[in-house]
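Data first, discussion second: the structure below is written as structure tokens.
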Amino acid sequence: MCSAAKFLRLLQGCNSMDRLRKIHAQVLLQGYHGHPAVSAKLLSFCATSAAGDLAYARRLFSGILRPATDHWNALIRGSSRGPAPLDALSLYNAMMRRASSRPDAFTFSFLLKACALAKDDPKCREAHASIVRSGFFSHVIVGTNLVRAYADNGSIDEARRVFDEIPDKDLVACNSMISCFCRAGLHDDALKVYDRMRQSGVGLDEFTAVGLLSSCAHLGALGFGVRIHKFAERNGFLRRNVFVGNALIDMYAKCGRLDEAHRVFDGMRRRDNFTWNSMIIGLGIHGHAEKSISLFQRMLMAGVRPNSISFLGLLMACSHHGLVDDGLKYFQRMGSDYNIKPDLKHYGCMVDMYGRAGKLDEALEFIHNSPFKDDPVLWRMLLSASRIHGSVEMGEIAIQNLIEMSANNAGDCVLLSDIYEHAGDSQGVARMRKMVKDQGIKTTPGWSWIEIHGEVRKFVVGDTSHAESEEIYKKLEEMISRAASLGYATERSTEWLENFVDSTSDYHSEMLAIALGLLRTPKGTSLQIVKNLRVCKDCHSLTKYASRIYDREIVVRDRVRFHHFKEGICSCNDYW
DNA sequence: CTAGGGTTAG
């Protein structure tokens with residue numbers, strides 16, 4: 001004699017479709033297929049377990065006379081994770097048409113998961129409307145799903161609005177919002193969620209710490225990061241959870257504290273791929289290419305398998321340091337020894353590495369032999385390398401390729417114009433200026449910031465908006481005249497485009513930040529600057545003098561790497 | 001055990 005309870009037990013232990021078919025046959029034979037719990041269990045196995053079969057689930061479902069909410073949910077959930085996530089929406093619509101049962105919070109959670117996976121913004125809005133109609137918009141889990149779905153679709157403002165309207169935001173909802181802001185690059189907003197969390201008393205956990213640390217890393221917000229570190233230590237997050245240690249390593253490395261990053265690394269009981277990669281990348285961006293390589297060796301000896309990002313870190317390290325032979329060796333090994341296919345970024349590192357080392361012919365050959373020769377990125381790298389090494393010939397080859405693929409922009413013209421200028425070709429300069437005019441200039445505005453007494457002070461090029469501007473400019477003039485007496489000569493150029501538009505006499509943002517740092521911090525304090533673009537040659541040179549004249553350590557985080565200036569020397573050895 | 005959250009690169 002078989003009862004419903006017996007079937008439910010059997011289904012609990014079921015782990016394959018073969019087994020399920022046998023149980024299903026028994027269910028049919030003994031007339032239990034109409035039993036709601038039994039049919040729901042059968043359905044949920046087929047639709048949602050890894051060993052399931054969605055087509056079988058659909059057949060099962062069509063045999064159910066009056067499907068209950070749970071039946072619909074199982075099928076919607078299964079579809080949302082399948083190859084056609086939007087089937088979940090069609091199922092939902094069918095559910096509403098048949099009206100045999102009402103959707104619940106689970107229904108909407110699965111529906112939103114489908115919208116997020118499908119990256120379909122209109123469907124997401126449609127689901128949102130259904131949620132509002134059904135009165136579930138204030139449900140915290142549905143709301144969290146909706147935030148995620150909008151964010152995954154790139155509608156971060158909509159995600160923010162939904163989050164703001166959740167009446168009882170809990171810890172998970174806040175953590176989700178933080179990670180969405182983080183992924184959208186809105187790091188200030190991510191940190192602001194933390195302030196709200198502190199006020200509302202939802203607490204914070206490992207997830208919060210990891211998200212916030214990632215934003216601190218992107219911003220270079222050391223002070224904030226240290227606070228989270230202390231909190232994590234007090235609460236034992238570090239011992240429990242490898243993610244927190246990984247995020248800390250990254251944060252310290254990106255905030256200029258390689259020593260602290262190393263300390264966290266050394267103290268970790270468990271290390272995964274992320275741990276090693278973050279440390280390898282950290283060493284690389286600080287210019288310690290050899291240490292980065294030896295850490296990679298240690299990673300191999302520890303039995304951790306490198307992935308595509310490990311190699312990217314390694315190649316970046318080699319590229320920053322001009323280790324062309326090592327770079328090529330690892331580039332080849334990633335395919336031959338580890339079966340990892342290099343992607344565009346790996347090729348980019350290689351072109352950059354050859355280019356900056358002055359091996360322009362090799363760079364060109366490398367592009368031609370790569371599967372990405374139709375991508376403007378590589379040609380633009382060649383163009384910028386041509387500018388560093390003053391090669392008119394290669395610069396023209398690069399821009400010609402960009403023009404052929406209709407990818408040339410004003411920035412490219414500025415670079416080539418610069419090359420012509422150095423070569424004394426005034427006609428070339430004029431041609432480029434005309435091209436720029438025709439296209440209109442679109443550049444990323446440059447900014448730098450420095451943290452002084454816990455306060456972030458941000459500068460743009462030629463900034464005069466600060467209360468102490470007059471004092472800052474006076475300090476800069478003093479710095480320049482003292483540097484000049486030691487041999488400094490201005491090398492103003494249009495480099496990195498920060499001040500292309502008629503403002504070649506204005507000071508770049510990092511110099512303003514450094515001047516304020518010198519004025520407002522005690523003698524001997526080291527200065528930390530974060531900059532969104534790359535440092536130009538002139539500022540680099542002036543900063544070297546400044547470190548010597550004022551006897552200060554000055555650390556500048558550039559768009560791609562760190563420069564540690566001390567006693568008139570930079571850690572990059574003028575190679576960057 | 002029918003639901004929502006995490007790190008590196010770009």
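Treat the numbers as computed from the prediction; the structure is a model and nothing was measured. Hydrogens, waters and symmetry mates play no part in the numbers below; they use all other heavy atoms, side chains included. In what follows, chains are A, B, ... by sequence order, proteins preceding strands, each numbered from 1.
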### Query
Counting side-chain heavy atoms from CB outward, which of B:dG4, B:dT2, B:dA9 is closest to A:D250?
B:dA9
### Query
Counting side-chain heavy atoms from CB outward, which of B:dG6, B:dT8, B:dG4 is closest to A:A173?
B:dG4
### A:K254 side-chain proximity, nearest of B:dT8, B:dT2, B:dA3
B:dT8
### Task
May I ask you to check if A:R227 and A:F224 form a cation-pi contact, with NZ or CZ under 6.0 angstrom from the six-membered ring centre and within 45° of the axis?
yes
### Query
With a 4.0 Å cut-off on heavy atoms, is A:I178 in touch with a base, just the backbone sugar-phosphate, or nothing at all?
nothing
## Note on the structure
From the candidates B:dG10, B:dT8, B:dG4, the one with an atom nearest any side-chain atom of A:I141 is B:dG4
### Query
Is any side-chain N or O of A:H346 closer than 4.0 Å to OP1 or OP2 of B:dG10?
no
### Task
Determine: side-chain N/O of A:T144 to OP1/OP2 of B:dA3, distance under 4.0 Å, yes or no.
no
### Query
Would you say B:dA3 has OP1 or OP2 under 4.0 Å from some side-chain N or O of A:K113?
no
#### Entry: Basic-acidic side-chain contact under 4.0 Å: A:K531, A:D558
no
### Task
Could you check whether A:H71 gets within reach of a base, just the sugar-phosphate, or nothing at all, counting any heavy atom under 4.0 Å?
nothing
### Query
Under 3.5 Å, is there an N or O donor on one side and an acceptor on the other linking the side chain of A:D170 and the base of B:dG4?
yes
#### Entry: Phosphate contact (B:dG6 OP1 or OP2) by A:R183 side-chain N/O below 4.0 Å
yes
### Summary
Picking from B:dA3, B:dT7, B:dT8, the nucleotide nearest the side-chain atoms of A:F106 would be B:dA3
### Message
Using the rule salt bridge (charged side-chain N to carboxylate O under 4.0 Å, His left out), only one of A:R196, A:K169, A:K192 pairs with A:D164; which is it?
### Response
A:R196
#### Entry: Among B:dA9, B:dA3, B:dG6, the one nearest A:R148 by side-chain distance
B:dG6
### Query
Taking the six-membered ring of A:F265, is NZ or CZ of A:R271 closer than 6.0 Å to its centre and within 45° of its axis?
yes
### Message
Salt bridge or not between A:D412 and A:R380? Use side-chain N to carboxylate O under 4.0 Å.
### Response
yes
### Query
When all nucleic acid strands are considered with a 4.0 Å heavy-atom cut-off, which category describes A:V147: base, sugar-phosphate, or nothing?
nothing
### Query
Under 4.0 angstrom, heavy atoms only, what part of the nucleic acid is A:S179 near: base, sugar-phosphate, or nothing?
sugar-phosphate
